[in-house]
Amino acid sequence: MTDLIERFRRYYPENIEKARSIQKKIADKIILETFRGRCRYIGGIDSAYSNNKIISAICVYDITTGDVINSSYSIVECSFPYIPTYLSFREVPAIIEAFINLDRKPDLFLVDGHGICHPRGVGIASHIGVVLDYPTIGVAKSKLVGEFSMPGPKKGEFSTIKLYGEDVGFLYRSRENVKPIFLSPGNKVSLNDIIPIISTCINKYRLPEPIRFADRLAGEIKKELV
DNA sequence: GCGACAG
DNA sequence: ATCTTGTCGC
């Protein structure tokens, strides 16, 4: 816990100018090894905004029952503007606080946004994965960078996303005839791990269940805020 | 210089 | 992300 706070501070810039060098330090810490742990409780992380506040929510989903066994959230004043490729500095403070508020920690996290599919290999899922020292997978709804072709129209079809000539993720058709989602490793998982893991928590919707629940929770908190 | 650009 | 009603389609 004190380690967590320490890592959070070490990787948080004092100003926008230092954000880029911080990202490079985080990138050096990313581990892309095969995930060996249990994969039953999957956490979903998503954020919502209200005025100048960020509401981050976490829901822990049990893939064997389909239930959310625990959840938490935090409300934090925005301390960083939204700048493409620097999204994580805006949301990480609130996410860390929500994580601290979470009683039952999951086996890994699904984060709303990209992982290593990022210009410097440090999307929000990777940033959070390094700060929490946790396995994370990035699940984004739209493109940031990379080259790819569209996957087939059937559920489960996918294509590879390349960046600087290397494979960094997948475009995954999570539901028939629906716009595919962008998947990439965040931290402590390999490229080959992510589709099998994601498929265990996709039901009848485009986004995986843990993220859908987190999205809904953040939205509810936002409503009660007024 | 021009276009692209997670949430 | 957010502002927003109805509406077309499975």
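Each chain gets a letter, A, B and so on, in the order the sequences are listed, and its residues count up from 1. All values below come from the heavy atoms of this structure, side chains included, with hydrogens, waters and symmetry mates left out. Small disclaimer: the values here were computed from a predicted structure and weren't measured.
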What nucleic acid atoms does A/Phe80 come within less than 4.0 Å of, heavy atoms only: base, sugar-phosphate, or nothing?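 It contacts nothing in the nucleic acid.
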
Could you tell me whether A/Ile54 contacts a base, only the sugar-phosphate backbone, or nothing, with contacts defined as non-hydrogen atoms closer than 4.0 Å?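 A/Ile54: no heavy atom of the nucleic acid under 4.0 Å.
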
Can you tell me which stems DNA chain C forms, taking runs of 3 or more consecutive Watson-Crick or G-U pairs with both distances under 3.5 Å?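 As far as DNA chain C goes, consecutive pairing (with distances under 3.5 Å) yields no stem.
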
Salt bridge [X]-[Y], side-chain N to carboxylate O under 4.0 Å:
X        : Y        : value
A/Lys188 : A/Asp133 : yes
A/Lys223 : A/Glu220 : no
A/Lys154 : A/Glu176 : no
A/Lys141 : A/Asp112 : yes

Is there aromatic stacking of A/Tyr82 against C/dA1, centre distance under 5.5 Å, plane angle under 30°?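 It does not: the ring fails the test against the base of C/dA1.
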
[N] phosphate, OP1 or OP2: any side-chain N/O from [X] under 4.0 angstrom?
X        : N      : result
A/Lys141 : B/dA6  : no
A/Lys204 : C/dC10 : no
A/Ser50  : C/dT2  : no

To the nearest Å, give me how far apart [atom1] ([X]) and [atom2] ([N]) are.
X        : N     : atom1 : atom2 : value
A/Asp46  : B/dA6 : CG    : P     : 15 Å
A/Arg120 : B/dC5 : CZ    : P     : 16 Å
A/Lys53  : C/dA1 : NZ    : C1'   : 16 Å
A/Asn177 : C/dC8 : CG    : C1'   : 15 Å
A/Lys222 : C/dA1 : NZ    : C1'   : 7 Å

Would you please indicate yes or no on a ring centroid separation below 6.0 angstrom for A/His127 and A/Tyr11?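 No, too far apart.
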
Looking only at side-chain N and O atoms, does A/Glu91 offer a donor or acceptor that is under 3.5 Å from a partner on A/Tyr49?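 Yes, A/Glu91 and A/Tyr49 have a side-chain donor paired with an acceptor closer than 3.5 Å.
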
